[in-house]
Asks: 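Before I ask anything, let me first share the structure, which is written out below as structure tokens.
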Amino acid sequence: MKDIILKAENISKQYRLGQVGTGTLSHDLNRWWHEIRGKENPYLKIGDTNDRSTKGESDYVWALQDINFEVERGEVLGIIGKNGAGKSTLLKILSKVTAPTTGTIKSRGRIASLLEVGTGFNTELTGRENIFLNGAILGMSKKEIASKIDEIIEFSGCERYIDTPVKRYSSGMTVRLAFAVAAFLEPEILVIDEVLAVGDAEFQKKAIGKMQDISRSGGRTVLFVSHNMAAVETLCTRVISMQNGIICGDGNPTKIISDYLQSSSFSERKISFDTIDEAKGNENVRILYAAIENASTLDKNETIDVTSVINFRMKIVNQTNQERISVGYDLRTIKGDVVFGSLNKFDCGTGDISEVICHIPANFLNDDVYQIHVYFHTDAMSGLFSDTELLTFEVKDVKRESGYLGKVNGMIRPQLKWDKV
């Protein structure tokens, strides 16, 4: 039988936009009148879905709708989705920070949450005092906490400041200490939101390693929300994807992440603007046009095959008083790994529209989803403008899709020459 440690049943969360509570006495009285007659809350029948990009028709919005899932003991569950998908709201409900509008949460064991920088910390207390405070909140005795405190301090890397009030800590130091407290005080369920992104690369590596240890050897359960798809795929045994407050995928991490990244919301490979005022950029540089073009065909929207030459084309306006600017970009996988970077300097007259093209050779990129991180600098390399997600495009191995061989390993797949000697 499954050892279920956490279960969400028909979880929904409704908010009223722009107000605290219902906002009006009449709404409160209406709720009360329905409640004493044993009838359903009338405002549960209205409300828009949680799509932050559209204008709603109602003052009520459903941040979550009919969420159902189970988590087994020792499982590492990743939760992914765009900003506003409902991930953090779900974690707050699971952590019992806020209550659901409808539905129930059933859990077995202590839950430690790391939802925001400084969650659960009293900033006037020292780091050491906060360790004991958090342990007491989790129901641990002073003796139990004292037996772990040296490990917590060492892992956090904050030993020099452990007797200093937390209000003097940087956000990175606060997260380090908060994670160490949550991980080492041995909760049965560890809930972690995006806060690890605040830490440096060394700490993120340590934190992911610790989460793997506590799930594999400790048999404890981890719920992990992150936009770092590489970390989610490495760490998690199962992934849930969310969109507009509902679950749209649940299963194998590689498949769910791939489906999420290749959804239509990541398919913008061309942007174009009619005027400079509308164009993307700032007071230094404007981008009137940018596109990933399949140079091997006349149809610029056709699927890009790995055997195609790819052109990255931009029309830019130099609004500085310098004639020469530097234009560059990093090509990244959708999971955040940098494949390569390229940089060049161009003479671009002030106020002129300049067109630049970078040619990416055929048989070079592997089949994957990629993003363009573009940046502009002065000739002396002072920053002018950058955009981390200018364009997104997908490269596919058409032959592999038709049954030819398997996917070549690696981020690139150059067509190298072989000889028999």
Asks: Measuring from Ile276:CD1 to Asp274:CG, what's the distance to the nearest 0.5 Å?
Replies: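 CG of Asp274 is found 12.0 Å from CD1 of Ile276.
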Asks: Give, for atom OG of Ser156 and atom CD1 of Ile162, the distance between the pair rounded to the nearest 0.5 Å.
Replies: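 Ser156 OG to Ile162 CD1: 5.0 Å, rounded to 0.5 Å.
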Asks: Mind checking whether Tyr329 and Phe312 have ring centres under 6.0 Å apart?
Replies: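 Centroid separation for Tyr329 and Phe312: below 6.0 Å.
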Asks: How close do Phe179 and Ala207 get, counting heavy atoms only, and between which atoms?
Replies: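 Residues Phe179 and Ala207, closest heavy atoms: CZ-O, 3.5 Å.
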Asks: Could you tell me which residues satisfy salt bridge (Lys or Arg N to Asp or Glu O under 4.0 Å) with Glu278, sequence neighbours excluded, listed by chain and number?
Replies: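 By the salt bridge (Lys or Arg N to Asp or Glu O under 4.0 Å) rule, Glu278 matches no residue at all.
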Asks: So how far is it from Ile240 CD1 to Ile67 CD1, rounded to the nearest 0.5 Å?
Replies: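 Ile240 CD1 to Ile67 CD1: 8.0 Å, rounded to 0.5 Å.
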Asks: Can you give me the closest heavy-atom contact between Val306 and Asn366, atom names plus distance?
Replies: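 Smallest interatomic distance, heavy atoms only, reads CG1-C, 4.2 Å.
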Asks: Quick one: list whatever passes side-chain contact (heavy atoms from CB on, under 4.5 Å) with Asn363, sequence neighbours left out.
Replies: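 Asn363: side-chain contact (heavy atoms from CB on, under 4.5 Å) contacts with Thr307, Gln415.
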Asks: I'd like to know if Arg332 pairs up with Asp337 as an ion pair, taking the criterion as any Lys NZ or Arg NE/NH1/NH2 lying under 4.0 Å from an Asp or Glu carboxylate oxygen.
Replies: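 Judged by the 4.0 Å cut-off on N to carboxylate O distance, Arg332 and Asp337 do not form a salt bridge.
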Asks: Any carboxylate oxygen within less than 4.0 angstrom of a Lys/Arg side-chain nitrogen, looking at Glu188 and Arg108?
Replies: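 The answer is no: the pair does not qualify as a salt bridge.
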Asks: Does NZ in Lys315 sit with more than 12 non-hydrogen atoms of other residues, nucleotides or ligands closer than 6.0 Å?
Replies: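 12 or below, so no.
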Asks: In terms of side-chain heavy atoms, does Thr333 have a donor or acceptor partner in Asp368 at a distance below 3.5 Å?
Replies: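 Checked: Thr333/Asp368 side chains show no N/O donor-acceptor pair below 3.5 Å.
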Asks: Go through the structure and list residues passing salt bridge (Lys or Arg N to Asp or Glu O under 4.0 Å) with Glu159, not counting sequence neighbours.
Replies: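 Here no residue qualifies.
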Asks: Checking side chain to side chain contact (heavy atoms under 4.5 Å, CB included) against Leu390, which of Lys280, Gln371, His373 comes through?
Replies: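 Between Leu390 and the candidates, side chain to side chain contact (heavy atoms under 4.5 Å, CB included) is satisfied uniquely by Lys280.
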Asks: Decide side chain to side chain donor-acceptor pair (under 3.5 Å) for Ser12 and Gln65; before the verdict, give the C-alpha distance in whole Å, the side-chain angles of both, and the deciding distance to 0.1 Å.
Replies: CA-CA 4 Å; Ser12 296; Gln65 277 190 298; over 6 Å; no
Asks: For Arg413, is there an ion pair with Asp397 - N to carboxylate O distance below 4.0 angstrom?
Replies: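 Salt bridge present between Asp397 and Arg413.
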Asks: Heavy-atom distance under 4.5 Å between the side chains of Val285 and Val327, does that happen here?
Replies: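 With C-beta onward as the side chain, the pair stays apart.
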Asks: Quick check: Phe184 with Phe155 (ring centres under 6.0 Å apart)?
Replies: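 Distance test on ring centres: under 6.0 Å, yes.
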Asks: How far apart are the closest heavy atoms of Met173 and Cys158, and which atoms are they?
Replies: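 Distance-wise, the nearest heavy atoms are O-SG, 3.7 Å.
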Asks: Should the heavy atoms of other residues, nucleotides or ligands under 6.0 Å from CD of Glu154 be counted, would the total exceed 12?
Replies: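 It does not: Glu154 CD has 12 such atoms or fewer within range.
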Asks: Looking at Arg73 and Glu75, is there a salt bridge between them, counting it only when a charged N and a carboxylate O are closer than 4.0 Å?
Replies: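 So Glu75 does not pair with Arg73 through a salt bridge.
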Asks: Are Asp367 and Lys396 close enough for a salt bridge, meaning some N to O gap below 4.0 Å?
Replies: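 The answer is no: the pair does not qualify as a salt bridge.
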Asks: If you count heavy atoms of other groups shown closer than 6.0 angstrom to CZ of Arg168, is the number above 12?
Replies: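 Atom CZ in Arg168 is not crowded, with 12 or fewer foreign heavy atoms closer than 6.0 Å.
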